[in-house]
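So the structure is just underneath, and the comments pick up after that.
Just so we're on the same page: letters track the sequence lines, and every chain starts at 1. Quick caveat, the model's predicted, so the values are computed rather than measured.
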Amino acid sequence: MALRLLSRSLTALLVESSSVIQPRTFSVSAVAAAIQKMTRVRVVDNSSLGNTPYHRAPKVIHVYTKNGVGKVGDRVLLAIKGQKKKALIVGHKMPGARMNPRFDSNNVVLIEDNGNPTGTRIKVPLPTHLRKVEGEDYSKVLAIASSFV
Amino acid sequence: MAACAKGLDKCMFSLRLLRNLRLQNERFISTSLGRLAPKEPSKFTPPPKPVVIDKTQTVASLRKFLSPEFIPPRQRTDPFKFAIERKDMIRRRKVLNIPEFYAGCILAVTMADPNASGKINRFVGICIQRGGKGLGATFVLRNIIDNQGVEICYELYSPRVQKIDVLKFEKRLDDNLMYLRDALTEYSTVDPDMKPVPYSSTDEVPVNKMKVRMRPKPWSKRWERPKFNIQGIRFDLSLTPEKMEHAQKWAQPWREYDMLKEYETSKLEEEILSEVQLEMSK
């Protein structure tokens, strides 16, 4: 799975962008899917589970969407420190809609089964369109956020 | 004796005064007809400097700038489509002032956001890329907030954009600064409360010749390859000369002689620039 991903990214790098006349513009190929199984994520709240060092990075093992692709506002299942924990995606490296922020790291906030956050503070800026995610009530997560982008 | 001397003195003084007055009067009457009252000779005041209102300087010496999204791409579409798109772009520009800016300028954009507090969202960042043609033109601003790199791709002509301010006006050595993602974070950090630096609209665009230090490899793209033609990175700190030579294997020296890939836009630019200036002044 990892090898396939690696080869896909290599071919994406080597393939020439279509009929470019001016050599200065070049297509920055986006990641194929934002957050999927086996992505390593960064936990951004101040929970002890997310911040204590471990010899393996937290990885996504399941994405709770119809397709296996997770965007901002989707729930995922993480494997952290040998345990399973649910989390909420609050930012990814893949460019999304125009006018929405794109982050330099795949950020995730640890969450309980009922949607309550495990930590008490989020230092990293959160995207504002997280408020509009339908269905789930993430008001507690938004309450512990310190800044929005 | 003293009294009559004083009296004589007074007489002499008054006589002298009268004589002076007469003389002065004559002098003044001879030189300037309108002046009857005597005046003491005024200090020399140099003539006032002539105020030159050089009307020719206002338009001609202003930097000629046509926003790159006006130039139509080389396509098999009817030029009428680009003409009506340009009309719509000019209509939007009459409402919102879109200033002249390049990749490397520091901009502050306020946009309407239904999800943000106060419905308004302000973002300050360095422009790393300007892309798209016509009404879909975009620019990407990058900044580092709370140790987290954030990039937002704004559409220039979107009605959600309320204000675009140029806080620092400068160019860089490259048109596309995507390599800032792999550079050290100090090069992408912009203070959100930065005060706008005043700039002139007549001089040439100042070029910031800084060369950026990169994080250790691997980078998101192989920026040393000649297809990117990046001037603004200090490759000597990250790569050995052997690696730089190896990167030259991907050079395509025949491309500059490829006539089919040429796209001359100078004449088109002039026409479109005159058209846009005419429409904007209406």
Side-chain angles (χ1 to χ4, degrees), chain A residues 6 9-10 12-31 42 44 46 72-73 90-108 121-134 138-139 142-143 145-149, chain B residues 68 73-74 103 109 111-117 121-123 125 128-132 136 138 140-155 158 160-161 174-176 178 181-182 185 188 192 220-222 225-230 250 252 255-256 258 260-263 265:
Chain A
L6 197 63
S9 56
L10 272 175
L13 279 171
L14 289 173
V15 161
E16 189 83 70
S17 57
S18 60
S19 62
V20 171
I21 300 155
Q22 299 130 0
R24 289 166 301 172
T25 53
F26 36 84
S27 67
V28 183
S29 59
V31 180
R42 175 188 168 200
V44 291
N46 64 349
V72 172
V90 293
H92 48 71
K93 273 178 103 163
M94 174 171 171
R98 296 309 97 66
M99 313 293 239
N100 282 350
R102 181 204 87 96
F103 296 87
D104 275 0
S105 60
N106 298 317
N107 299 337
V108 122
R121 207 163 288 133
I122 301 175
K123 285 223 179 103
V124 155
L126 256 48
T128 46
H129 63 104
L130 194 56
R131 285 188 207 262
K132 215 174 31 167
V133 172
E134 281 155 39
Y138 293 129
S139 50
L142 296 165
S146 58
S147 64
F148 288 92
V149 163
Chain B
R74 194 174 73 160
V109 175
M111 76 167 174
D113 196 345
N115 305 319
S117 56
N121 190 352
R122 182 171 189 261
F123 186 74
I128 55 176
Q129 172 181 276
R130 280 191 80 157
T138 56
V140 182
L141 292 187
R142 179 181 168 79
N143 198 351
I144 305 219
I145 306 176
D146 294 334
N147 287 332
Q148 171 73 55
V150 183
E151 289 178 11
I152 305 190
C153 179
Y154 287 102
E155 290 174 320
S158 166
R160 278 175 69 183
V161 164
D174 310 296
D175 278 342
N176 200 308
M178 283 288 176
R181 292 177 182 171
D182 299 314
T185 47
S188 311
S220 58
K221 294 254 169 229
R222 290 169 211 251
R225 294 230 172 136
K227 99 169 189 200
F228 296 116
N229 192 19
I230 298 219
W250 281 268
Q252 295 177 325
R255 272 186 86 132
E256 67 170 301
D258 194 338
L260 285 185
K261 292 209 159 88
E262 280 172 9
Y263 184 35
T265 49

Any luck finding a side-chain donor-acceptor pair between A:Arg42 and A:Ser105 under 3.5 Å?
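A:Arg42 vs A:Ser105: donor-acceptor pair found between side chains.
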We want to know whether B:Asp258 and B:Gln252 form a side-chain donor-acceptor pair, criterion being a heavy-atom distance below 3.5 angstrom.
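Per modelled atom types, B:Asp258 and B:Gln252 side chains form no pair under 3.5 Å.
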Looking at [options], which one has more heavy-atom pairs under 4.5 Å with chain B than the rest?
| options | value |
| --- | --- |
| A:Asn107, A:Thr128, A:Val149 | A:Thr128 |
| A:Arg131, A:His129, A:Met99 | A:Met99 |
| A:Leu130, A:Val124, A:Val44 | A:Val124 |

Would B:Lys221 and B:Asp182 count as a side chain to side chain contact (heavy atoms under 4.5 Å, CB included) here? Give the steps.
CA-CA 9 Å; B:Lys221 294 254 169 229; B:Asp182 299 314; 5.5 Å; no
Donor-acceptor under 3.5 Å (B:Thr138 side chain, B:Tyr154 main chain):
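Not at all, since once roles are kept as given, no pair shorter than 3.5 Å links the two residues.
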Looking at B:Ile230, is its backbone amide N or carbonyl O close enough to the side chain of B:Asp174 to form a donor-acceptor pair, meaning the two atoms are under 3.5 Å apart?
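Judged by distance alone, no pair lies under 3.5 Å.
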Which portion of A:Phe103 sits near chain B, non-hydrogen atoms under 4.5 angstrom
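Contact with chain B involves both backbone and side-chain atoms of A:Phe103.
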Under a 4.5 Å heavy-atom cut-off, does chain A meet the side chain of B:Phe123, its backbone, both or neither?
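Side chain only.
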Region of B:Arg142 that comes under 4.5 Å of a non-hydrogen atom in chain A
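Side chain of B:Arg142 only, per the 4.5 Å heavy-atom cut-off to chain A.
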Out of B:Pro114, B:Gly149, B:Gly131, B:Pro73, return the one with the most heavy atom pairs under 4.5 angstrom to chain A.
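Most heavy-atom pairs under 4.5 Å with chain A: B:Gly149.
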Using the side chain to side chain contact (heavy atoms under 4.5 Å, CB included) rule, take B:Glu151 and A:Asp104 through it: C-alpha gap first, then chi angles, then the decisive distance, then the call.
CA-CA 8 Å; B:Glu151 289 178 11; A:Asp104 275 0; 4.3 Å; yes
